[in-house]
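One structure below.
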Number of protein chains: 2
Amino acid sequence: MIALREVGKTFHLGDTAVHALRDVTLAVREGDLLAIMGPSGSGKSTLMNIIGCLDLPDHGRYVLEGVDVRRLTESEQASIRNRRIGFVFQGFNLIARTPALENVELPLVYAGVARRERRRLATEALESVGLGDRLDHQPSELSGGQQQRVAIARAIVTDPALLLADEPTGALDSVSTASVLELFSELNAQGRTVVLITHEEEVSRYAKRVVRLHDGRVVSDERRTGA
Amino acid sequence: MIALREVGKTFHLGDTAVHALRDVTLAVREGDLLAIMGPSGSGKSTLMNIIGCLDLPDHGRYVLEGVDVRRLTESEQASIRNRRIGFVFQGFNLIARTPALENVELPLVYAGVARRERRRLATEALESVGLGDRLDHQPSELSGGQQQRVAIARAIVTDPALLLADEPTGALDSVSTASVLELFSELNAQGRTVVLITHEEEVSRYAKRVVRLHDGRVVSDERRTGA
Ligand SMILES: Nc1ncnc2c1ncn2[C@@H]1O[C@H](COP(=O)(O)OP(=O)(O)OP(=O)(O)O)[C@@H](O)[C@H]1O
Ligand SMILES: Nc1ncnc2c1ncn2[C@@H]1O[C@H](COP(=O)(O)OP(=O)(O)OP(=O)(O)O)[C@@H](O)[C@H]1O
Ligand SMILES: [Mg+2]
Ligand SMILES: [Mg+2]
């Protein structure tokens with residue numbers, strides 16, 4: 001489903017170059033449940049942005065469902081993102097001054113879903129993360145963990161084929177963390193591909209495979225047996 | 001140093017009321033190293049905002065260093081915050097499009113510190129959190145964990161009497177986490193009062209005392225022996 005080959009990404013700031021990713025070769029099969037781990041600054045979020053077509057590699061190739069993403073137009077990339085991928089961003093990226101329910105409906109708006117059905121699906125998604133009583137709260141009226149759960153609800157509301165989640169339980173206590181990871185396992189059991197970025201071993205335990213990054217390179221890639 | 005008595009805080013949204021804090025009685029001595037724990041939505045950040053004079057209680061009293069905060073004017077509250085308290089916010093709250101170094105210098109600007117000395121202290125603070133090579137990066141050019149470390153450097157740069165940190169290691173790997181907590185322990189050993197909000201037991205282990213919140217109330221308050 002996902003095939004990255006010798007992918008590199010370099011950021012330029014004035015005359016210094018930051019090699020965020022170097023020579024990353026990674027294949028993810030449909031239905032995989034993958035954890036990407038590594039120290040702060042090792043390139044995990046950069047890798048997720050490339051996988052999710054939010055950014056393009058400077059070197060190497062990225063083939064997504066058989067198509068080289070460099071061949072896609074901007075609007076084709078946007079269309080893939082909106083209809084096939086659910087994102088949980090490290091910073092949540094909720095829309096300010098907009099209630100939780102509307103934030104979660106947003107991907108359904110892009111997908112052209114009718115208002116009543118959007119409302120129903122978004123409400124269900126928020127209930128599944130324990131926020132049924134916070135539908136009308138705006139992000140600034142929610143705790144950190146509640147904002148993160150709104151971001152999670154938004155990522156799963158379109159029932160995406162590929163779920164990319166960057167530190168999805170970072171702001172959550174252990175009870176909410178377990179319940180969110182159960183939710184992801186369930187999506188995966190239904191055939192969805194799930195990629196989780198995390199620095200917590202507790203979270204990686206839900207994964208079937210763990211890829212570790214260090215300084216922009218893959219340093220280990222282990223499939224777990226009996227996971 | 002800090003004395004909260006039967007403090008309550010209620011948020012009103014339309015006609016529903018959210019009781020974020022109820023009847024919180026808490027005293028913190030100078031030099032204490034306190035961890036505040038509790039589930040998502042239990043009132044931890046709200047409590048920190050009140051302790052840091054960013055918000056006022058609706059009920060009860062808050063006496064900070066012998067003064068009832070309701071007697072302080074807006075500018076007196078601002079002055080206490082700027083000169084005596086260092087904050088690490090759950091959302092980091094860095095200034096966009098502004099380099100890390102300038103973000104960290106900001107509290108020193110308020111304190112009237114001269115330019116050359118500000119530059120020196122801010123550089124030192126950033127080096128102490130491992131970001132000596134990221135001084136000119138803006139927040140959008142930094143990883144999640146790097147942004148969090150900039151927020152930490154900013155909180156400690158004025159060497160504050162009281163350090164309030166909301167989930168200060170949430171985005172950090174275990175190596176950076178340990179190094180940040182060592183830094184806080186060191187500040188505490190020098191006599192600074194440190195209050196950490198966390199949902200991670202690993203972090204609470206550095207504390208001398210653990211206060212647990214649930215639904216806006218204090219449900220336990222334990223001093224650790226031999227910590
Ligand atoms: N401005 C606001 N308006 C309305 N409700 C609010 C507001 N701020 C916070 N709340 C509510 O108050 C409660 C406590 O919020 P708080 O941010 O203190 O929780 P927390 O313990 O820090 O949670 P977390 O661990 O998720 O960060 C939550 O239920 C939240 O929805
Ligand atoms: N827009 C940018 N401009 C310059 N450098 C950048 C930019 N974005 C990221 N970087 C740098 O690239 C490196 C990798 O960043 P990335 O966000 O992928 O790390 P990460 O593994 O997600 O870290 P964390 O665990 O702290 O979130 C970091 O050293 C960062 O400073
Ligand atoms: Mg990241
Ligand atoms: Mg909070």
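In what follows, chains are A, B, ... by sequence order, proteins preceding strands, each numbered from 1.
Looking at A:Ser176, only its side chain comes within 4.5 Å of chain B, counting heavy atoms on both sides. Only the side chain of B:Glu141 comes within contact range of chain A, with heavy atoms under 4.5 Å apart.
Taking CG from B:Leu131 and OG from A:Ser40, the interatomic distance works out to 7.5 Å, rounded to the nearest 0.5 Å. Between the CG atom of A:Asp166 and the OG atom of B:Ser143 there is a distance of 10.0 Å, given to the nearest 0.5 Å. Atom CD of A:Glu200 sits about 9.0 Å away from atom OG1 of B:Thr177, to the nearest 0.5 Å. Taking CG from B:Asp136 and OG1 from A:Thr16, the interatomic distance works out to 6.0 Å, rounded to the nearest 0.5 Å.
Within a 6.0 Å radius of CZ in A:Arg5, no more than 12 heavy atoms belonging to other residues, nucleotides or ligands are found.
When each of B:Pro39, B:Gly14, B:Ser174 is scored by its heavy-atom pairs under 4.5 Å with chain A, the top score falls to B:Pro39.
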key: side chain to side chain contact (heavy atoms under 4.5 Å, CB included) evaluation trace for B:His199 with A:Leu172   = CA-CA 7 Å; B:His199 60 261; A:Leu172 304 181; 5.6 Å; no
task = For B:Val18 and A:Arg134, run side chain to side chain contact (heavy atoms under 4.5 Å, CB included): C-alpha distance rounded to whole Å, both residues' side-chain angles, the deciding distance at 0.1 Å, then the answer.
result = CA-CA 10 Å; B:Val18 178; A:Arg134 289 283 184 277; 3.7 Å; yes
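Taking 4.5 Å as the heavy-atom cut-off, the residues of residues 145-160 of chain B that approach chain A are B:Gly145, B:Gln146, B:Arg149, ordered by number.
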